[in-house]
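A short worksheet on the structure shown next.
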Amino acid sequence: MNVIAICFAILCAATLLAFVRLVKGPTIADRVVALDLLAIISVGVILVYDAATSLPVFLDAAIVLALVGFAGTVAFSKYLERRRMR
Amino acid sequence: MNILSSALLLTGCAFLFLAAMGIVRMPDLYIRMSSSSKAVSLGVGFVALGLAVHMNDSGVTTRAFLLIVLFLLKAPVAAHMLGRAAYMNGVPLWEATTVDDMKACDLGGAPVGEDTAAGTPANGG
Amino acid sequence: MSSLILRTAARFLIPLLVLFSFYTLFRGHNQPGGGFAGGLLAATAFALYIFAWDAAAARRALVVDPCVLIGTGLMLALVAGLLPMVGGREFLTGIWAKLPLSEQSGFAVGTPVLFDVGVYLVIVGSSLLIITSLTGEEEERH
Amino acid sequence: MSASSGFLSNLVLAVFWALASGRVTVGTLVVGFVAGFATIFVTQRATGAEAYTYKAWRAVILLLVFIRELIEANLRLAHDVLTPTHHMRPAIVAIPLDARTDFEITLLANLITLTPGTLTLHVADDRSVLYIHSVYTPDADELRRSVKEGLERRILELTR
Amino acid sequence: MTHTRARSRAPAAFTALPLGMLALFVWLAATGGGTRVVGLPFGAEALGFALSFRLDGLSILFGMLISAIGVLVYVYAASYLAGRDDQARFFGWLSLFMLAMIGIVTAENLIALFIFWELTSLASWFLIGMDHERSEARGAALQALLVTAGGGLAMLAGFVMLGSMAGSFELSAIQQQGDAIRAHAHYLPVLLLVAAGAFTKSAQVPFHFWLPSAMEAPAPVSAYLHSATMVKAGVFLLARLLSVLGGTPQWVALLGVAGAVTMITGAVLAVLASDIKKILAYSTVSALGSLVLLIGIGSPAAVYAAVVFLFAHALYKAALFMAGGIIDHETGVRDVERLSGLRRSMPLTAAAAILGALSLVSFGPVLSFAGKEMVVLAVAGVGAGWSTLLQGLVYTTSMLLATAAALVVFRPLFGPPDPSVRGHDPSPAMWLPPLLLGASGVVLGLIPYGITRVLLAPAAAAIHPGASRLHVSLWHGVNLPLIMAAVATAAGVVLFLTRSAWRRAAGALAAISRFGPEAAWNALLRGAVSYAGWQTRVLQNGYLRSYLLFIIVTMVLLVVTAAGDGIRFRFAINDTQFHEIFFSAVIVAGALVAVRSRSRLGSVAALGAVGYSVALLYILFSAPDLAMTQFLIETLTVILFVLVIYRLPRYAILTPPAERRRDIALCALTGVVIAGLVLAAAHEAADPSLARFYGANSLEKAHGRNIVNVILVDFRALDTLGEITVVGVAAIGVLALLRLRPTAAGRRS
Amino acid sequence: MNALLTLPIVIPMLGGAASLLAWRSRTVQRAIALVTSAALAGSTIALLVLVRADGIAVIDVGSWPAPFGIVLVADLFSALMLTVSAVIWFAVVIYSQASMDRGREAYGYYPLLSFLMMGVCGAFLTGDLFNLYVWFEVMLISSFVLMALGGERAQMESALKYVTLNLLSSALFLAGVGLLYSVTGMLNMAALAQRLGGVGQSGLVSAIAMLFLVAFGIKAAVFPLFFWLPASYHTPPAATSAIFAGLLTKVGVYALIRVFTLLFVQDIAFTHNLILTIAGLTMVTGVLGAVAQNEMRRILSFHIISQIGYMIMGLGLFTRFALAASIFYIVHHMVVKTNLFLVSGVVHRLRGTYELKDLGGLWRSNPLLGALFLIAAMSLSGIPPLSGFFAKLGLIIAGVDSRQFLIVTVALVTGFFTLFSMAKIWNEVFWKAAPGPAAGGSSVDLRMTLPIGALAAVTVAIGLGASWLFDVSMDAAAQMLDRNAYIEAVLR
Amino acid sequence: MLTVLPLVIGALYAMGLYMMLRRSMVKLIIGLALIGHAANLLIFVAATSGLVRGGPPIIAAGETRPGPLVADPVPQALILTAIVIGFGVLAFALVLFHRTYDSVGTDDLDQMTTTER
Ligand code: NA
Ligand code: NA
């Protein structure tokens, strides 16, 4: 069971790093990348959690998050584009 | 938890960790995105495989594959969109960057620094 | 100024999203999902459509006016609630009919499912209305 | 018989196989597909399905090439991320395109982005040029050649 | 105030009402004797209110007065107001007043009495304010309303306390428990509260100031309400409650002092005034003072004197006001110093005025003379040293009233005719009523026996049983009161003749009115309005932050005081795993970044991180549906934030550090309080029967394996019905907000 | 019984949903609004008759037995509130047909009004605490949109404050529900009533009660939580302020009364004396706020607050008679306050302003309007024989019987200042001559005067029929104090 | 976790309220969002089953009842409702704030006192 613990530890470290970028920025794009990575790490956490509990139930949440995370990043990109044009 | 699924999970997490390291250590946005988008697809791919192996259930396997395919499609598109938008927004390239063929077409706007460190001193409010 | 790559990807992703949203809606009774998640997924698909093309195209693509969608959804939920009262039961009582598919994955149809579809329509209609209003208003600015 | 109809027949074979094995599950379908491909390959001259087998083969090669580049670049990048000093020489390189259709350009762009170290930034409006940000570009021309020879050629073989 | 003299058909219809009432009371008086209580099946039993009427000597006397004078006032008013377009409205309010007044005097139930009481105030407000275009009229009307209504509210409290003491609002029940009430701990407050109502209505000092300013009303109103009837309501009430609240030292002192002071003050102010209506108004104040004094004394003699005096006063004061009204109506002049020699041009009005004045002096063959005598006798009866002082006051008052009478009558009528002031007798409808009233004063004075036996004695008996044995007579032989009355009258005339000397010197006295009760009242109101202004500026200051602070501070204070020491916590860290704590930390850290971030997009991204971490917690603690919905909602929220915030400016405002520290401290405390509550609540073992029920029935009865979704669409479908309505309405709101803009031209905000 | 209890929620929702479907056509929406409001009035009256005859009516929504499903409970108190709300909605709908501008009607005025009613009716009927939260949100979001509908600057500013403060209130309400669930594991009010007594930590229940007191206190606009009301009620059109004035705060008062008679009765010495103090402070600050204003609708807004003080005075005294007086007061005030705002709308239609200094001359030009205003204003000031008098009388009797002389004094003084400011409006708007040329005509659309007349008639009827309504209120109060009857009816 | 989460809830309430007290509209609405999360977590902690790991309230295939160690579904249903309601109301509030900025010209709340002066 310690494999799961190690995985969680790694993912926590990854979250911490992504969080550092989120805080530092400096540009919006950096924060978006960080937020996108956080979403993806969350997918990782969900998958690892599924493995830990041997319940496939959470997999749908992971798929939803993957789809939705993408939409968020695209939204930010469109925002950045529009801002330049204005 | 058999050896194979553990291994896959660990490597997946490792790649995710690499992605996180990437976006922290790399000097400019574009390099960060390059390093993170690959590691991300591999990372999630491996973890999903690990889960599929561990669960050994057809429903889980198909959805894991769906997830992997999804990532293989969405990650590059997201990276592309963000990279392009960042470039258009004048997000600076690392000074070691040698050639910039894109400067020709007038996409690159002046660095609009609302949030850049050089932005006007906004305060706590 | 929309990107070719996004559009091509969108042509593949959006149908997938919509399919997944229906899938989430109809399995909601037995697996995680339901009207809310399904509706929001459909809204996300639509948001992608707007980002890939533009709000005006989106509105054209949208056959039904969101307000009517919301109205229909509310009406559907109400009907699902009122049907049992025709039989003398209380408001919103679940009335079920067993379709003769195989036992295990038998697809039971009942007023709660109809209710969930109503929820789905309202959530989709509302999200679309909010997003189109905001993005539409945005484009009018330029 | 065009490549797509060949693919279609392959799918039909896969379904028969699954039905024959009594359980329509993901597993039986995959096995059925492989078996179907084998039969088409063997009977391609008779059934005129050369186009399909040729392209199918090309697709497999493309996949292998992509995976090789994927792993190789990832290791290099992983090394660079972990070591304090950076060996990167990033550049934005414009690559003249032979690919024309949406699908070809998008596939190429995505595969380039997916392969580590390179990120497709922009497609010129007239689809003539692809702008790529590459982390390791000692020589721009060398990069253009490896992209055109590597991924683009294999994609065009598949789609043309 | 000259009016076109269009001959208007006397609105006979309206006069029918007082005539009917008069007929009713005449019949009642005829079939009189004893106390009859008539209950109508109307009221609110649970509130103790019943529309029941008491018909005894007192109510019949007042009823007769109100309806008789009412008839005359209606006739008088018909021609006085000829040509005005709001006649119908006037007679409407006058009728409402009359019925309400009759209601007061015949009410058996205290609440019914109060209802009629307030209706008279309402009617008086409108009658005084008939010429509402004039701000003086509006001001006077409002002042009268507020003073009487203010007193009324206090009286209501008194009545309610009285009712709760006696267990019922019915007078008969209350009157039986007189001793218990007088001995009750709350006797004094009840007395003061009831007296407040009576004193304001009957214009006792210091509440008298509204009556003179009420002279803004048309003459019929002054004649009817502000002399004969309404102002007597307070006296009536005190008389009615004499048997319950009377007889105690507090009663005597309170009413005695108030009455005496009002009597003398009214008289003094009367002689100082020069407007004919003001003089009469102050004389009424003085009369009311003496009536309250008599009720205060409460002896049978005093009660009888009050009844006689009250009856006589109603007649002659109405006559004088009507006469005055005619003079004002004809000549447009109300200043007695400028009026002169009108007897030749207005003989009939003059006759009425003289008869009225005679009764005002109350010397000679007039009923008020008998009344005055009885007042003197009653006052003499008061024990200890008080009687001499009171007698002195009574005689001084009658002297001053004599002067006032002279002022009103002598110069305007008997002075040399003044060509600049022309006027002649109006139509009979206007001069006949005052003449009749004036004459009745004399006639009843000469032969009082009929009226005494039928009206006055029963009324006195109704107030105080002992009063029935006395009798009224004009002639008590030559005795001290007769001599003293003569001396007082003479002194009054002398005072009148020498008025030019002392009136100027007395002008200075008027200056002190700046510190009088009216000034105090206006100051009180202005003070209240300015305090209200200040309080609203402070509380309702427009700053959303201050409103939020009020709420937060209130919530924290209340929760902490309520919790007190009755709360227990239990800290248990042992069962947690590292990554769970880590993601909780990410939530808090994300929130901190959102709070401190300099850039709006930074805050939004941090908010996104918080949302994702919360969703992760939902995953880690087995809530897949929740996590899925949270991920979707969080992303849509971030997208909306981006779409909206992108147009808003950067943070530019810095609140002063002191304020920020205060906010931080307060919010931190609130956080601790809420965390404490949650911990304490977690400590309580809750009954899991809901979860068990849903688990058992989710599949079998509701055909669903996903219990959460089954709850949403079946077990608690009503929640979801409301919820989707909220989302639908919010969406319409967004559409309406963005699409519906104020058209520059169309909208006057 | 099953239908009668469900209709008050279903009818408004049907109306709203149908209006959305008829989004393009204003006339269809107006017709729907008329039909549904009339239907609701009819059904609520029928429900009142039923409840008056057979006692508390209960149905399990979805046929799930209490406490597992959500129950709809109609005791006399809720039935009364439903009926009055329906009457008010009907009046406002008719009034709006003549007064509401085309722009607002095109952007969802009628469906929003229907959904507001759905929330209000749901709140009065539900027997489940979380479901009450949901109905509050339905009511609030509809009121948020109605408040901002039209997009004028003043509306925006006031809607912002109105939304923020009410969202904070909802967050506290949600926290309260969560804590109660954590402590008892129940959401059904009857079940909660049963279990709250058994909670070990007495301080905890009182603390949670305070959360509810603040949450509902904000919605009921009591002191010191009422600031959102005067900041916002005078900016939307008159018809909107009228229905807000008539309903919104009353739902808050209803919730306060329901929760502090059914659930939080463990520590009455503390909670209910606190409520009495709050009542007094609410009366005074409210009426003084009104005295300080010179714009017609701001005066009326502050009066809402001071009148709320009276309503919760009865709750504070916590005797059967006091609660009955409160219920009577609420019914009276809903009608009067709505009417006063409708009158202010007509005044604005005639003169184009609400500022007292620019108004005048309406007694001569519109005597009928003046008379109707007088009925409402005098009733508000407690002048007999109108409804306001009996309402205040009941509370004063209750106060005296409970020896609470301070609150009685405050109530009377507040009554005085209420009369003062109503008379001020009368003097300035009706009696004073119109300053400058009489702007605007003097003819008023019948559809505006009719509802005002009808509501005035109701006020007079309540006054004359005080005995009947007070008896009903006494029975309602008895029902509320008999917690076991409620619990048995629901958890049978 | 039954101790950690309440502290998180307290912290979120504190920070949310602090943000609402700021003068900038944007901070106000971010505060509202934080408080929304806090209220939802509060209900989540209120579960009668306590915080259960790996026990989603879903009836496994072939079973007719959920297993013994299953999370309390009630708070999850309530929070789901609260989240969606919160989203609707927050979306409206966001647009309202935007429109207010449009018509008032500033996002400084201290300048928005015109309707009450
Ligand atoms: Na790449
Ligand atoms: Na608990």
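Order of the sequence lines sets the chain letters (A, B, ...), proteins ahead of strands, with each chain counted from 1.
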Portion of [X] that has a non-hydrogen atom of chain G nearer than 4.5 angstrom:
X: F:T164; answer: both
X: F:L179; answer: both
X: F:I141; answer: side chain
X: F:A148; answer: side chain
X: F:F130; answer: side chain

Donor-acceptor pair, distance only, cut-off 3.5 Å: does the side chain of G:R99 make one with the backbone of F:M156?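 Looks like no, no N/O pair under 3.5 Å.
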Once you round to the nearest 0.5 Å, how far does [atom1] of [X] lie from [atom2] of [Y]?
X: F:E157; Y: G:S103; atom1: CD; atom2: OG; value: 7.5 Å
X: G:L78; Y: F:N131; atom1: CG; atom2: CG; value: 10.5 Å
X: F:L167; Y: G:F92; atom1: CG; atom2: CZ; value: 10.0 Å
X: F:M147; Y: G:L96; atom1: CE; atom2: CG; value: 10.5 Å

Any idea which heavy atoms bring [X] and [Y] closest together, and the distance?
X: F:L174; Y: G:A39; value: CD2-CB, 3.7 Å
X: G:L42; Y: F:A175; value: CD2-O, 3.4 Å
X: G:P75; Y: F:Y181; value: CG-CE2, 3.9 Å
X: G:I43; Y: F:G178; value: CG1-CA, 4.0 Å

Between G:L17, G:V74, G:N40, G:I29, which shows the greatest number of heavy-atom pairs under 4.5 Å with chain F? G:V74
When only pairs under 4.5 Å are counted, which of G:D72, G:L90, G:I9, G:I35 shares the most heavy-atom pairs with chain F?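 Highest number of pairs under 4.5 Å: G:D72.
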Identify which part of G:I79 has an atom lying under 4.5 Å from any heavy atom of chain F, answering side chain, backbone, both or neither.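 No part of it gets close to chain F.
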Please look at G:Y13 and chain F and tell me whether the side chain, the backbone, both or neither of the residue comes under 4.5 angstrom of a heavy atom of that chain. side chain
What verdict does the side-chain contact (heavy atoms from CB on, under 4.5 Å) test give for F:V138 and G:I85, after you've listed the backbone C-alpha separation in whole Å, the side-chain angles of each residue and the deciding distance to 0.1 Å? CA-CA 9 Å; F:V138 170; G:I85 288 180; over 6 Å; no
Can you check side-chain contact (heavy atoms from CB on, under 4.5 Å) on G:L109 and F:L160, steps first, answer last? CA-CA 9 Å; G:L109 288 167; F:L160 182 133; 3.3 Å; yes
Option in F:V163, F:V145, F:L172, F:L180 with maximal non-hydrogen atom pairs under 4.5 Å from chain G: F:V145
